[in-house]
Every structure is written in structure tokens, then in C-alpha cells.
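Numbered from 1 within each chain, the chains take letters A, B, ... in sequence-line order.
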Amino acid sequence: MSESTPNPLSMETLVPLCKRRGFIFQSSEIYGGINGFYDYGPLGVELRKNIKDAWWRDMVQKREDIVGLDASIIMHPNVWKASGHIDQFTDPMVDCRESKLRYRADQLFFSPVAVDGESIGYVSVMEGAGMEEEAIEKAETLKRKLAKQGNLAPLELKDYTEAKEEERALIPSPATGKPGCLTAPRDFNMMFKTYVGALQDDSSVAYLRPETAQGIFANFKNIVDTGRVKVPFGIAQIGKAFRNEITPRNFIFRSREFEQLEIEYFIPPDDDLWPKYHREWIDTRLAWFESIGIPRSRLSEDVHPAEKLSHYSRATTDISFQFPFGVQELEGIAARGDYDLKQHQEFSGKSMEYFDESRRERYVPHVIEPSLGVDRTLLALLCSAYDEDEIDGEKRVVLRFHPRVAPYKAAVFPLLKNKPPLVEKAREIFHSLQRRWNIFYDASGAIGRRYRRQDEIGTPFGITVDFDTIEKDGTVTLRDRDTTKQERMSVEDVTAFLEEKIEG
RNA sequence: GCGGGCAUAGUUUAGCGGUAAAACCCCAGCCUUCCAAGCUGGUGUCCUCGGUUCGAUUCCGAGUGCCCGCACCA
């Protein structure tokens, strides 16, 4: 669509447009705003809903092997113990006051250095392949600096979370080598905490879910028992999730409240099977992005290197999008093995085994997880759709949304507002189309202005009632957003035309 | 969380120690037979709270928000 144009959109252009046209507002703006939360206005909510509907239609309703679910946001706290979020969503962080660098305390290692039994200080290194050699080198340097003679005692590397307070004063920063400038480890738990019931004590603590996936795993047994599903099959869910991000950034890209579109696709546990399913899902998802108007040229596959994989993951491939602020993840497609179901089996004491009739055996299925952010997709759509061109020497801003996701599918105009027969006919056409789609009606201002207004909110078609419509042949003009070309067609043909463009 | 920058109308900006301006947008009306035309009218707590001052939108402090860098990001 707009692939040929360079489209050098900056966030400084997009954010005001989103506000001006009612797509996205900062949350609680009248109170000064709240960091990391956003509200969707009249057009944003339509765009959002169209993304979710398209996904649900294509991933759930049009497939025989996927069923839907809508689990609650607050679940039993043990769900998060089993999933590992209570322990591992907490990353103890350490700041270096000198270099302003930040480290994860569990990735930072230190050791006392002793020469002939006399302690001469500490060394610190970052976790990594050569960290032991690096530590020895640093210890030698320290020994030379202090002009000590003798034998270096073997180093004992421990991670920084185990450092005692008196040790922290002596441990140098790995960057500057200066002792005592590292802070104590501080916890950043990313889960929002709340209390269930009237009593606000430790027994009533609950969490807002940081991902929708666990609601699916927690219902696996229910769906297997009642859903008439057979492996391989998937469970899909759309819902809000919450993460207390340290630094929300880049508009709605990383916010503290966001919505996920997730599928857990359960497959047999054979080691040679999952790569095939993983690949299939990557291809399915890429094709879907293209079907809603995100050009393939701005999408890429990023394979997570083995050493950066999460503890549960066998392989993760991100589908990334070229945002104005860089290439960033839209969707993660992870091969999660049987980690989650096994964890819930252990913590709940309930069997998560599935009986495979065709193989006459029981197993805990493995899973492929395509996990997408609605808000990120919406931002990617806005970035893909935004374009500027020139009509008769006038600059035009146009959002070239695919008709399927466009907030309004068409706008209906009487050519002139002060001629009642035109208005009457336009209202009639508007009401008739409105029964099926979200349609805009506008009578105010010059016709050119009305077209431009619709261009800027991405309405793909304009339908104008003029004197030929009421006096001659009953045809209207249908104006195309992308080309600005018009063609005449009968009112009856308009419906078929729109249907073809939107649903076809 | 750290460092730097910024905050005036819906948007983009100007301006001043004496209660604020332009353009565009938006709304209503007039006019208008297809691409932001014209005319008339309308819409504003200078982010918040403190301090200095006779007087603060302006100077100072704190808070909040936004942007950039670092770090973090299941």
C-alpha cells in the first residue's frame, strides 16, 4: 500500500495526531496524567476492537483446532507461585553511583581477594563465559597495585545478592573498579499487588495478572474435560495484563496496563515435533499481520539466542516491527515445552496429563505460545498507515488503514447541507449502511474538507449524494481514500462494493 | 531508578515581573454543484503546590507529566 513511500514518521507527529483525532489520550490527563497508562478515544476504541475481532475471527472462529477462554484477571496467588512470577518477576537491581550503570544483582559476582591469607580487597565481574578468568585478572591487578607479594588465594565467586553489608562497602563496581559505589540490591517486583476481601493482610494478597497465559494453563484440565478437544489444539484468550514497568516508554509501546492476545497451542511431547509447529505458527502469524495491513517489509523475525532464553523456553522467535523508535517486538512465539503444565501439576496436585487415544498413551502436552500485544499492534498499524502526500499542491495527511481495521468503513455526505432532498437521501443511505458497519455521517463544511477529515482518520471510502442521485439515475459517487479517485455507482452496488473491500 | 532537556488554546508555537498573542483545528450560521475556499460569531483556570515579591504565566524550590541517554523489559 504505502510501501513505496519512505514514510519517515516520528512519534512527535503521531502522538499529537492520535490526540487531535481521538485515538489515544493520556490517562487521567486532567489530573496531570499518570505514567504508563493510556485511554483510547472514540476512534482508538474502534481500531482496537477491529484488531481483536480480526484476531479472534481468524485464530479462533475460523479454525477447528482452537477454542476461546476468558479467565479472570485476579487468580489464586498460587498460580503465580507455580508460574515463577512471584520469585522471578522480582529482579533485585544494583546501581553504581559512580558510573550510573545498573546491574541485575544475580548477574553480578564478587569475591574476596587474599594474599598469603591476608585479605586485600574484593573484585567484581559480570556474569558471562569468561568471568572466572576476568576475576583472576582483576585480582592480579589489585595485588600489583597494592604491591603485595605472595600467593593469591583461590577466588570464590558469589552473586551480589549474597553480599553482606560490610562487604558491599568494599566491593568495587565492575565498570569503574571503585569500591563502595554500588547500592544494596533493591527489588523491583513487576506484579501489581492488591487485596481480596475486607482484610488487608498477608493472607489476602492477590495480584493483577502480568500475563494472560496462566489463566489458560490453569484451565487446561477444564477444557480438556469439557471441550471435546484433541491434541494438537489451542486455547486462545484476549485480556488485560498489568506490569509495574520500571520505565514505561515509547507511547503505548510499553505501558503498565496492556492487552494481550495469546494462544497456548498444545502438542504431543515428542522432541522432534515442536520445531515444525513453532515454524508453522511463525508463518501463520506473519501472514496475519499482512492481512490487516502491516507490510511484510517492516516485519522481521528475531530468534532469541539460546543463552538469553527464559528458563521455561526451548526457543523463542519474536516478530518485530520497524517502529519510529527502532525495531521492536510485536509478538513473541515461544516453544515453552511442558514447563507450565508441569508446574501447575506440582503446585496444585492435580494431574495435567492428557490421554491421547490415537497413540494410546498419557502425557503432559508441550506448548507453542504465540503472544501478541493489542496496543503494540495498534501502534504498528498507525505507523504503517500514516502517510503524507500532495493533492493539487496541498499537503495531505492520510492514514491508509486496511478497510478491515479502519475505525469507520465509509463516510456518507450530502454534497450540500442546505438542500433538504440531498440531506434526506444521504441520511437514508447512512442508516442503511450503518446496520452493517461503522459508518460516519458528515454534512458540515465544504465537501473537500470533509474528504480530508476522513483521510486523516483513515476512512477508506467516501459516499457523496449529489443532484444526479436524486434527480437522474440514483447513483452516488464513491471516492477512494488512497487514490482520491471517484466513480459513480448505484446505491445497491455500494453495499456489495464495501462488502468485497472490507470482508473479501 | 540515575543524568540531561522540556511544560502557554484541541494542535504547533510567540511573549512578558503588572492577570496573554498568532496560525491551524473545532463548533454554529450564511454562502457554496466534488478535494482543507469565503464571510460572521463562538470556545482559553499560561501543568500542580509552595516560596520570593505590592504583584508570578515569567524568578526559585518541590511534585507530576513528556522527550532523549543509561539501565531494565516472561
- Please work out which residues in residues 438-446 of chain A have a non-hydrogen atom less than 4.0 Å from an atom of RNA chain B and list them by number. A/Ala446

Considering every strand and a 4.0 Å limit on heavy-atom distances, what is the contact class for [X]: base, sugar-phosphate, or nothing?
X	answer
A/Ile391	sugar-phosphate
A/Phe251	sugar-phosphate
A/Arg396	nothing
A/Asp455	nothing

- Aromatic rings A/Phe251 and A/Tyr38: how do their planes relate, parallel, tilted or perpendicular, breaks at 30° and 60°? perpendicular

- Message: I'd like to know if A/Arg488 pairs up with A/Asp466 as an ion pair, taking the criterion as any Lys NZ or Arg NE/NH1/NH2 lying under 4.0 Å from an Asp or Glu carboxylate oxygen.
- Response: yes

- May I ask you to decide whether A/Arg285 forms a salt bridge with A/Glu301, counting only side-chain N to carboxylate O separations under 4.0 Å? no

- Looking at residues at least two apart in the chain, or sitting in another chain, which of them share a salt bridge (Lys or Arg N to Asp or Glu O under 4.0 Å) with A/Lys240? A/Glu257

- Quick one: salt bridge (Lys or Arg N to Asp or Glu O under 4.0 Å) partners of A/Lys158, sequence neighbours excluded? none

- Message: Holding to ring pair (Phe, Tyr, Trp, His ring centres under 6.0 Å), I want the full list of residues that pass it with A/Phe217, two or more places apart in sequence or in another chain.
- Response: none

- Base-paired stems in RNA chain B, each at least three Watson-Crick or G-U pairs under 3.5 Å: B:1-7 with B:64-70, B:10-13 with B:21-24, B:26-30 with B:38-42, B:47-51 with B:59-63

- A/Lys417 has a side chain; which of B/C35, B/U32, B/A71 sits nearest to it? B/U32

- Item | Nearest listed nucleotide, side chain of A/Leu416, among B/A74, B/U32, B/C34 | B/U32

- Message: Say we look at B/U40 and B/U57: how far apart would their P atoms be, to the nearest angstrom?
- Response: 34 Å

- Atom P, compared across B/U52 and B/U12: separation rounded to whole Å: 35 Å

- Message: When you measure only distances, ignoring hydrogens and angles, does the side chain of A/Asp392 come within 3.5 Å of the base of B/C35 through a donor and an acceptor?
- Response: no

- Considering only heavy atoms and no angle criterion, is a donor-acceptor pair shorter than 3.5 Å present between the side chain of A/Thr477 and the base of B/C34? yes

- Is a side-chain donor-acceptor pair under 3.5 Å present for A/Asp318 with A/Ser320? no

- Donor-acceptor pair, side chain of A/Arg376 and main chain of A/Phe253, under 3.5 angstrom: yes

- With distance as the sole test, does A/Thr469 use its side chain to make a donor-acceptor pair with the main-chain N or O of A/Thr475 at under 3.5 Å? yes

- Query: Within less than 4.0 Å of OP1 or OP2 of B/G65, is there a side-chain N or O belonging to A/Gln26?
  - Reply: no

- Query: At under 4.0 Å, does any side-chain N or O of A/Lys19 touch on OP1 or OP2 of B/U11?
  - Reply: yes

- Passes salt bridge (charged side-chain N to carboxylate O under 4.0 Å, His left out), A/Arg481 versus A/Asp387? Steps please. CA-CA 12 Å; A/Arg481 174 198 65 201; A/Asp387 199 11; over 6 Å; no

- Query: Is any side-chain heavy atom of A/Trp281 closer than 4.5 Å to a side-chain heavy atom of A/Glu369?
  - Reply: no

Could you pull out the protein-nucleic contacts involving nucleotides 23-26 of chain B (nitrogen or oxygen on both sides, under 3.5 Å)?
from: B/C25; atom 1: OP1; to: A/Arg449; atom 2: NH1; distance (Å): 3.4
from: B/C26; atom 1: OP1; to: A/Arg453; atom 2: NH1; distance (Å): 2.9
from: B/C26; atom 1: OP2; to: A/Arg449; atom 2: NH1; distance (Å): 2.9

